[in-house]
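As the structure is a prediction and not an experimental result, all values here were calculated from the model. What's counted below: heavy atoms across the whole structure, side chains too, no hydrogens, waters or symmetry copies. All residue numbers in this chain count up from 1 along the given sequence.
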Amino acid sequence: MTPQTTLSPLTIRPATDADFPVLARLMSEANPRHPLTAQRWAHEIGEVRGHPLGLHAAQWLAEEDGEARGTALTLHLPGMHHPDRYWAEVLIPPQHGRRGVGTRLAEMLEAHLRERGAREVLSGGYEDEPWALTLLTRRGFAETLRYFDNVLELADFDASTWAEASGLPSGLRAVSLAGLAAEIGMDAAITAFHAAFAEVREDVPRAAPPTPLLLEGFRSRLLNDPHFFPEGILLAVTGAGEVVALSELHPNDSDPARLDTGLTGTRRAWRRQGLALALKLSALRLAQDRGTREVWTGNATTNLPMLALNERLGFRPRPAYTEMRWGGV
């Protein structure tokens, strides 16, 4: 076992907007699977701060001799909002681990959540980082869900072997959000996209019921995203203009050769007709045409149909992420 070394005097202070570059670096080093840029983190925190429900977000920076060593954050979850439910996370890059930084940040975070009267706290860690899960277990957290990052190396994907599955049933066509917007205007295209997205997300496994997804908030989130990629949002559309299935691809902020999958799914009345698979294949062909090296997606271990679909396509799981919960509302 590696001996734990002692710290020089450690200071913990609230993070400011000027700290976004160092916060993004710390968070990326702590979780290189999902790196962040300062621009991306500023955008995500801005979305929480500006949410119409008045959501809380706070972050702290631990420094030793003027050098950043780790960060802690807590926020209300826009997608699963309850005023007494929070997400909380302590992120320490490996080179700064086992020196007491995480413990100090966790204690400060717990005090903050007690002061706010938190009744439920969600957090988590990866299965190949057992110390994180042990820390949470000792603090009274228990597992709620497990997720896999699934990764497809596009050099190994042969689209021609899926030719028969690439078509949509009669009466449907595949079009990107960008293509639909060119036909009917972006506002009308987003309205049609929202109707499908809002229904599909209701059935996504999660630790708590989803917050209703209002059209104006959905529109604002899309159009204000600095990496809005309407060409990567693939839709199945009826002759009447109804969107009945979708599959999203998003650029990765830190790796131009990687694309990340957002939501893929089909409206309830249209399921079991191969729509999600056909759109996912369209998305993968788009990725190949862009010269993408790999596509990442995330799946709850309880979402067996999507896990099976991704496995058929050649996606391979990385170490699982365990989401854990303390308390309840």
Full working for side chain to side chain contact (heavy atoms under 4.5 Å, CB included) between Ile92 and Arg69: CA-CA 7 Å; Ile92 311 295; Arg69 297 293 186 244; over 6 Å; no
Counterpart residues, side chain to side chain contact (heavy atoms under 4.5 Å, CB included), relative to Thr211 (two or more places apart): Leu53, His81
Transitive ILVMFWY side-chain link Leu263 to Leu213, under 4.5 Å: yes
Connected via hydrophobic side-chain network under 4.5 Å: Met108 and Leu113: yes
Side chain to side chain donor-acceptor pair (under 3.5 Å) partners of residues 231-245, not counting sequence neighbours, each pair once: Glu242-Arg267
Parallel, tilted or perpendicular: rings of Tyr147 and Tyr321 (30°, 60°): tilted
Polar contact flag, side-chain donor to acceptor under 3.5 angstrom, Glu110-Trp326: no
Working for salt bridge (charged side-chain N to carboxylate O under 4.0 Å, His left out), residues Asp255 and Arg293: CA-CA 10 Å; Asp255 186 350; Arg293 182 185 69 254; 2.5 Å; yes
Between Thr16 and Asp19, a side-chain donor and acceptor under 3.5 Å: yes
Set of side chain to side chain contact (heavy atoms under 4.5 Å, CB included) partners for Pro210, sequence neighbours left out: Arg201, Glu202, Arg206
Any side-chain heavy-atom pair of Tyr126 and Asn31 under 4.5 Å: yes
Approximate separation, where rounding is to 0.5 Å, of Leu234 CG and Ser176 OG: 7.0 Å
Residues clustered with Leu168, ILVMFWY side-chain links under 4.5 angstrom: Leu172, Val244, Trp270, Leu275
Test of ring centre spacing under 6.0 Å for His56 and His51: no
Partner set under side chain to side chain contact (heavy atoms under 4.5 Å, CB included) for Thr11, not counting sequence neighbours: Glu63
Contact list for residues 287-313, test ring-ring contact (aromatic ring centres under 6.0 Å, His included), sequence neighbours left out: His34-Trp296
With sequence neighbours excluded, residues passing side chain to side chain contact (heavy atoms under 4.5 Å, CB included) with Ala192: Val243
Side chain to side chain contact (heavy atoms under 4.5 Å, CB included) evaluation trace for Glu248 with Thr264: CA-CA 6 Å; Glu248 299 179 296; Thr264 295; over 6 Å; no
Residue pairs passing the ring-ring contact (aromatic ring centres under 6.0 Å, His included) test where at least one lies in residues 210-241, sequence neighbours excluded: Phe193-Phe218, His194-Phe218, Phe197-Phe218
From Met27 atom CE to Leu91 atom CG, the distance as rounded to the nearest 0.5 Å: 5.5 Å
Salt bridge (charged side-chain N to carboxylate O under 4.0 Å, His left out) evaluation trace for Glu129 with Arg33: CA-CA 13 Å; Glu129 298 172 345; Arg33 303 164 177 88; 3.8 Å; yes
Salt bridge (charged side-chain N to carboxylate O under 4.0 Å, His left out) involving Glu44 - partner list, sequence neighbours excluded: none
Hydrophobic cluster partners of Leu307 (side-chain heavy atoms under 4.5 Å): Phe148, Leu304
Asn252/Leu259 under side chain to side chain contact (heavy atoms under 4.5 Å, CB included): CA gap, chis, key distance, verdict: CA-CA 5 Å; Asn252 183 272; Leu259 289 171; over 6 Å; no
Pairs touching residues 84-104 that satisfy ring-ring contact (aromatic ring centres under 6.0 Å, His included), sequence neighbours left out: His76-Tyr86
Charged N-O contact under 4.0 Å between Arg219 and Glu216: yes
Which pairs would a plain distance check flag for residues 308-319, meaning a side-chain donor or acceptor within less than 3.5 Å of a matching protein atom at least two apart in sequence or in another chain?
from	atom 1	to	atom 2	distance (Å)
Asn310	OD1	Lys280	NZ	3.4
Asn310	ND2	Asn299	OD1	2.9
Asn310	ND2	Met306	O	3.3
Arg316	NH1	Glu311	O	3.3

Side-chain donor-acceptor contact under 3.5 Å, Ser166 with Arg285: yes
